[in-house]
Amino acid sequence: MTKPKIFISRKLREDLILPLYDIAHVEMWDHEEKPCPRDLLLKQAEDCDALLTMLSDQIDREVFTRQKRLKVVANLAVGYDNIQVEEATEHNIAICNTPEVLTETTADLTFGLLMATARRIVEAAEFVKEGKWTGWSPFLLAGADIHHKTIGIVGMGSIGEAVARRAKGFSMEVLYHNRSRKEEAEKELGATYCSFDELLAHSDFVVCLTPLTEETKHLFNQEAFRKMKKSAIFINAARGAVVDEEALYEALEKKEIQAAGLDVFTKEPIESTHPFLSLPNVVCIPHIGSASIETREEMVRLCVDNIIRVLSHKEPKTLVNKKWLQTNA
Ligand code: DGY
């Protein structure tokens, strides 16, 4: 019997993917930072049984039409807006993601970004590096307080709840908006459910953690920024396209809101000429929400595990398209 074939679209550490070699022939794109070219991905998809993909790969109809024996796509991210999941289900292909293992790490980064933005930490570090620190002065690089303020979390999934727990440690009032109410979180964290507009009007920090879907695309538009306080700080650690970036730029430039901390962008990576980078009140970081060594290792292990399970006719641990189970139980 011929061994199954697996393609990994980014260079990963060999020790993490070792278990795959026992069951399959493995091929891997040879660069850590450069994405796998589309042509190669399509070519590989043609005769692969499994793909281990990155959030920067578009796994769409073209991939599913070209494949001949693809059984599973394991995406190294909790978000899967880069994958046309319904198409996959139609082709009887399991889609897996990496939830839970990255929750606390992503919450750490989100709260860290909030703190860096509010207290102007990046600007302050640059200030010292550039030799501009010539003396102490009372309001030098003074930022906004975090403790005892109101945080509004849009998208109260596991990461939202983990951010809320951190906010509680800073004696913050927690508001949240979500498709459904989270009564457990309300009890455990004292979080208050409110409408999107109420959240925008009352929050000092508006934190976007909602997945990108047709419904949430450009949820944060001109209207939304205008409903925020002038002193509001906007944080996005979800997906860039949940925000209308032109509207955000305008709101920041016109000081309709105070500042923004952004881990994600509509088109990644951003160029050094991106308009956000010309604004002093914006902290931009390169989509590193879940990027701790421990967590990234866990994410790879989970992808590997999911692939092995599907190729051994077992249910994967973190299946996105539950309908797949109906035909593969
Ligand atoms: C995810 O897993 O979706 C995150 O954006 C990665 O940092």
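Not measured: the values here are computed from a predicted model. Note that ligands are numbered from 1 as they come in the structure, with each ligand's atoms numbered from 1 the same way.
- A salt bridge between Arg226 and Glu223 is absent, with no side-chain N of the basic residue lying under 4.0 Å from a carboxylate O of the acidic one.
- Every N/O-N/O distance between Thr98 and ligand 1 stays at or above 3.5 Å.
- With Asp49 as the fixed residue, the side chain to side chain donor-acceptor pair (under 3.5 Å) test singles out one of Lys5, Lys3, Gln67, Arg69: Arg69.
- Shown in contact with Gly79 at under 4.0 Å from a heavy atom are these atoms of ligand 1, numbered in order with element: 1 (C), 3 (O).
- Between Phe220 and Phe196, the distance from one ring center to the other falls under 6.0 angstrom.
- Counting heavy atoms under 4.0 Å from ligand 1, residue Leu102 touches it through the side chain alone.
- Contact between Met54 and ligand 1 is absent, with no heavy atom of the residue lying under 4.0 Å from the ligand.
- The environment of CZ in Arg61 is sparse: at most 12 heavy-atom neighbours from other residues, nucleotides or ligands sit within 6.0 Å.
- Closest to atom 1 (C) of ligand 1, if we only count protein heavy atoms, is Val78 N, 3.4 Å.
- Every N/O-N/O distance between Leu55 and ligand 1 stays at or above 3.5 Å.
- Heavy atoms from other residues, nucleotides or ligands lying under 6.0 Å from CD of Glu268 number more than 12.
- Atom 3 (O) of ligand 1 has its closest protein heavy atom at Arg239 NH2, 2.7 Å.
- Taking a cutoff of 4.0 Å between a charged side-chain nitrogen and a carboxylate oxygen, Glu188 and Lys168 do not qualify as a salt bridge.
- The Ala77 neighbourhood of ligand 1 comprises atoms 1 (C), 2 (O), 3 (O), with distances under 4.0 Å to a heavy atom of that residue.
- Salt-bridge formation is not detected for the pair Arg179/Glu215: no Lys NZ or Arg NE/NH1/NH2 atom is positioned less than 4.0 Å from an Asp or Glu carboxylate oxygen.
- Nearest protein heavy-atom neighbour of atom 6 (C) of ligand 1: Ser290 OG, 3.3 Å.
- Protein heavy atom nearest atom 4 (C) of ligand 1, with residue, atom name and distance: His287 NE2, 3.7 Å.
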